[in-house]
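The next block holds one structure in the form of structure tokens; read it before the comments.
Below, read A as the first sequence line, B as the second, and so on, with proteins coming before strands; counting in each chain starts at 1.
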2 protein chains.
Amino acid sequence: MIRMLIADDHTIMREGLKQLFSLVADVQVVAEAESGTQLIELLRQVEIDLLLLDMNMPGISGEILIARLHAQYPSLPILVLSMHNEIHIAQRALRAGALGYLTKDRDPETLLAAMRRVVSGQRYLDPGLAEQIALQSSGLKQQTYVESLSDREFQILRLLAHGLSVNQIAEQLVISNKTVSTHKTRLMEKMGFGSTADIVRFAMTLGIS
Amino acid sequence: MIRMLIADDHTIMREGLKQLFSLVADVQVVAEAESGTQLIELLRQVEIDLLLLDMNMPGISGEILIARLHAQYPSLPILVLSMHNEIHIAQRALRAGALGYLTKDRDPETLLAAMRRVVSGQRYLDPGLAEQIALQSSGLKQQTYVESLSDREFQILRLLAHGLSVNQIAEQLVISNKTVSTHKTRLMEKMGFGSTADIVRFAMTLGIS
DNA sequence: CGTTCGTGTAGGGATTTTCCTAGCCGGTTT
DNA sequence: AAACCGGCTAGGAAAATCCCTACACGAACG
């Protein structure tokens, strides 16, 4: 029997999932959370075998939430169920401590399979994303690689995504605006961005911003 | 018997909904679409009483999709099921021709109730949003009012959200960059935006961009 | 040990965008 | 008719940003 907790801010999504799992004999939904803080609260009270987690939760969410949960319950398998099928997000989720990552556009059978894998302690990665990562690491694709950003560049990416201007960032970091501009140019080149709007969109899907 | 079509790009969401509706005797899901174009295609083939539509579909989506469907099938009740509980989005969806608007964080009973209302030809608006709109129209809240934008301003908002620069927009619209800048300033003031990043974020939640 | 590379830092000049101001036009009010 | 207002249009001056170039410094490399 797999005792699981569903964390998703959309009631209808949660109910739908519960209905799906009601068809499966050895899966039992023992709790639900609709915010990051509530999730943290619940985990103190119930004992579970699997956490099914949405990436976009109100309050604490995304990477930060995963990292925090993983630090506190290292042996709890976390399967991330996300809307975004972008490599960076998946990679960051996994690096933060999730054991599996699956997009919501997969079918229920795949979800079940992923759940069983994760519960048994094995990693699971969405097939489509796995392929993308494979292609990427084999060098056939070059692009949008957050890892290639230096710390300073990533820091400035975040500040830009929050809507700060080059000058505001310069002031905050106590460096020249020319320097900020240089970092911005370089990070945009590395990420393959064509406009500041791309930065904001990217950051949004990442959960920053 | 309500014959309905579910349009949502996430398989798991669709399956979950189908499971929910399987508990309801007089509701039957007769078709599913996972993209705007597929939806348009399907509507030519099947006869339905209700369209349950997600705002964020790949391909054609959001307002534009609703407007198009409504023009083609004026008597088809469209219930929009959206992740966003922002007034503007709801208002635009309704104005484009949707008969109902509900956020995904509601419970299944509410969804059912909304469906029945819409099928019977009555409008349905998410209670939380209805209240917001009431407060807003009573003048207690002023802010972020898309309606107050002129056509030109909204057009430029969209282009900005797509990542075009002020100069590019000026060139495309064959007007002075100063003019574009003026529109930008005014639309940002009207919407209460503090940076271009806000524009992009807003447009993303709206389904544009 | 010299070279190269990545990173953080800017300057100078060019370009873009803002800020403030204002004209024009069509519709409404007085 | 005169006055007014909202929406679209810019100009000139000023600020912000970009582009190209450069340099220092530490790490990796031959």
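- The side chain of B/Ser150 sits closest to D/dC8 out of D/dC8, C/dT18, C/dG8.
- Ion pairing between a basic and an acidic side chain is recognised when a charged N comes within 4.0 Å of a carboxylate O; A/Lys104 and B/Asp9 show no such pairing.
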**Request:** Before giving the answer on ring-ring contact (aromatic ring centres under 6.0 Å, His included), spell out for B/Phe193 and B/Phe202 the whole-Å C-alpha distance, their side-chain angles and the decisive distance to 0.1 Å.
**Result:** CA-CA 9 Å; B/Phe193 290 160; B/Phe202 173 77; 5.6 Å; yes

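- A salt bridge is defined here as a Lys NZ or Arg NE, NH1 or NH2 lying under 4.0 Å from an Asp or Glu carboxylate O, and A/Glu47 with A/Arg3 fails to meet this definition.
- Between the CG atom of A/Leu160 and the P atom of D/dT17 there is a distance of 9 Å, rounded to whole Å.
- Proximity of residues 168-180 of chain B to DNA chain C (heavy atom under 4.0 angstrom from any strand atom) is restricted to B/Asn177, B/Lys178.
- A/Arg117 meets the side chain to side chain donor-acceptor pair (under 3.5 Å) test with no other residue; sequence neighbours excluded.
- In summary, the side chains of B/Gln155 and B/Arg158 do not present any donor paired with an acceptor at a separation below 3.5 Å, with no hydrogens or angles considered.
- Between B/Glu153 atom CD and D/dC8 atom P the separation is 6 Å, expressed in whole Å.
- Evaluation of atom-type donor-acceptor distances gives a pair under 3.5 Å for the side chain of A/Thr182 against the base of C/dA10.
- The nearest whole Å value for the distance from the CZ atom in A/Phe154 to the C1' atom in C/dG8 is 18 Å.
- Between A/Thr185 and D/dC18 there is no side-chain polar atom (N or O) within less than 4.0 angstrom of OP1 or OP2.
- Contact between the side-chain N/O atoms of B/His183 and the OP1/OP2 oxygens of D/dG7 is not found at any separation under 4.0 Å.
- In this entry the distance linking CD1 of B/Ile156 with C1' of C/dT18 reads 15 Å, nearest Å.
- Taking atom CG on B/Asp151 and atom P on C/dG26, their separation rounds to 17 Å, with Å as the unit.
- Taking 4.0 angstrom as the limit, A/Asn167 places a side-chain polar atom (N or O) nearer than this to OP1 or OP2 of D/dT17.
- At D/dA16, none of the side-chain N or O atoms of A/Ser165 fall inside 4.0 Å of OP1 or OP2 (strictly under the cut-off).
- Close to D/dG7, at under 4.0 Å from its OP1 or OP2, lies a side-chain N or O of B/Lys190.
- In this structure, a donor-acceptor pair under 3.5 Å is present between the side chains of B/Asp105 and B/Thr103.
- No hydrogens or angles were tested; on distance alone, nothing pairs the side chain of B/Arg186 with the base of C/dT18 as donor and acceptor under 3.5 Å.
- If you take CG of B/Leu157 and P of D/dG7, they are 15 Å apart, rounded to a whole angstrom.
- Neither OP1 nor OP2 of C/dG6 sits under 4.0 Å from any side-chain N or O of A/Arg152.
- Under a 3.5 Å cut-off, the side chain of A/Thr185 and the backbone N or O of A/Ser181 do form a donor-acceptor pair.
- Taking 4.0 angstrom as the limit, B/Lys184 places none of its side-chain polar atoms (N or O) nearer than this to OP1 or OP2 of C/dT17.
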